[in-house]
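Any value given below was found using the heavy atoms of this structure, including those in side chains, with hydrogens, waters and symmetry copies removed.
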Amino acid sequence: MRQTPAAIIEYLIHYHGSRDWFECHEILEEYWKRHPDAANADTLVGLIQLAVGLYHERRGNLAGAVKMLRSSLGKLDPQQLQELGLDGGQLRERLRQRLEALEIVSADGGGRSVFAEMDLPFADPGLEELCRQKSEAHGWSWKRPSPLHDAELIDRHRRRDRSDVVREREESKRRKQQQRGEKP
């Protein structure tokens, strides 16, 4: 098995185990922010957008899903995905098919898709097994269907505690004002 960053493993565990794509976004965004100059930074953003797109789709926000998934497709580099242990060509093809189906439903004006999971294809069976084991250690069934009636999961962005994010933004604003010589 290759040296896969812990954040990618956590992303994959949540992606296929808890099905908490909002958490996938949080995990990988934090990692990406710490490594903005990484050679695979665009692919990391593509994986973040993939999770956000599926989160939107599952909630019925087709316009948001199409926008995020289209952007994701443009950023996911097959070779970089392969280096992370995923089958980049197959992932991009699944994403293209998903996007095409959503665009058809969206074009109908007010149409609603029937949500189905989109598992990520692994190129590294050792990585998949590791993620499956870690998922099950959390008590999650690997590659289970999303629990569509779990409001904590489906509406995660509305239900989470954002006080730390608000504090961080205020602190950043204060620092920028100080740097410019302004009073907070």
Identify whether the distance between the nearest side-chain nitrogen and carboxylate oxygen of E117 and R144 falls below 4.0 Å.
no
Considering only NZ, NE, NH1 and NH2 on the basic side and carboxylate oxygens on the acidic side, decide whether R34 and E30 come within less than 4.0 Å.
yes
Can you see whether E136 engages S141 through a side-chain donor-acceptor pair at a distance of less than 3.5 angstrom?
no
Apply side-chain contact (heavy atoms from CB on, under 4.5 Å) to residues W140 and H16 and explain how you reach the verdict.
CA-CA 9 Å; W140 303 322; H16 294 99; over 6 Å; no
Check whether L84 and V45 end up in the same hydrophobic cluster, where Ile, Leu, Val, Met, Phe, Trp and Tyr are linked by side-chain heavy atoms less than 4.5 Å apart.
yes
Check whether any side-chain heavy atom of Y15 sits under 4.5 Å from a side-chain heavy atom of D20, and report yes or no.
no
Do D87 and R92 meet the salt-bridge criterion of a basic N to acidic O distance under 4.0 Å?
no
Pairing of R70 and E103 as salt bridge, 4.0 angstrom limit
yes
Taking all non-hydrogen atoms of both residues into account, name the closest pair between S72 and G46 and its distance.
OG-O, 2.7 Å
With no hydrogens and no angle check, just 3.5 Å: does a side-chain donor-acceptor pair link Q178 and E182?
no
Side chain proximity check, C24 to Y55, heavy atoms < 4.5 angstrom
no
Taking the side chain as C-beta and beyond, is there a heavy-atom pair between Q97 and E100 under 4.5 Å?
no
Is any side-chain heavy atom of R19 closer than 4.5 Å to one of R58?
yes
Taking the side chain from R94 and the backbone from D119, do they hold a donor-acceptor pair closer than 3.5 Å?
yes
May I ask you to decide if the ring planes of Y31 and H35 are parallel, tilted or perpendicular, using 30° and 60° as cut-offs?
tilted
Do L47 and F122 belong to the same hydrophobic cluster, where Ile, Leu, Val, Met, Phe, Trp and Tyr are linked whenever their side-chain heavy atoms lie under 4.5 Å apart, directly or via other members?
yes
Can any side-chain N or O of Q80 pair as donor or acceptor with the backbone N or O of A39 at less than 3.5 Å?
yes
Is there a side-chain contact (heavy atoms from CB on, under 4.5 Å) between N40 and L81 once you walk through the steps?
CA-CA 9 Å; N40 64 355; L81 289 166; over 6 Å; no
Can you find a heavy atom in the side chain of L86 that is under 4.5 Å from one in the side chain of D124?
no
Name the one of I48, L54, L50 that satisfies side chain to side chain contact (heavy atoms under 4.5 Å, CB included) with H25?
I48
On the ring face of F115, is R98 found with NZ or CZ under 6.0 Å from the centre and within 45° of the axis?
yes
Student check: side-chain heavy atoms of L28 and I8 closer than 4.5 Å:
yes
Report yes if some heavy atom in the side chain of L69 is under 4.5 Å from a heavy atom in the side chain of H56; otherwise report no.
no
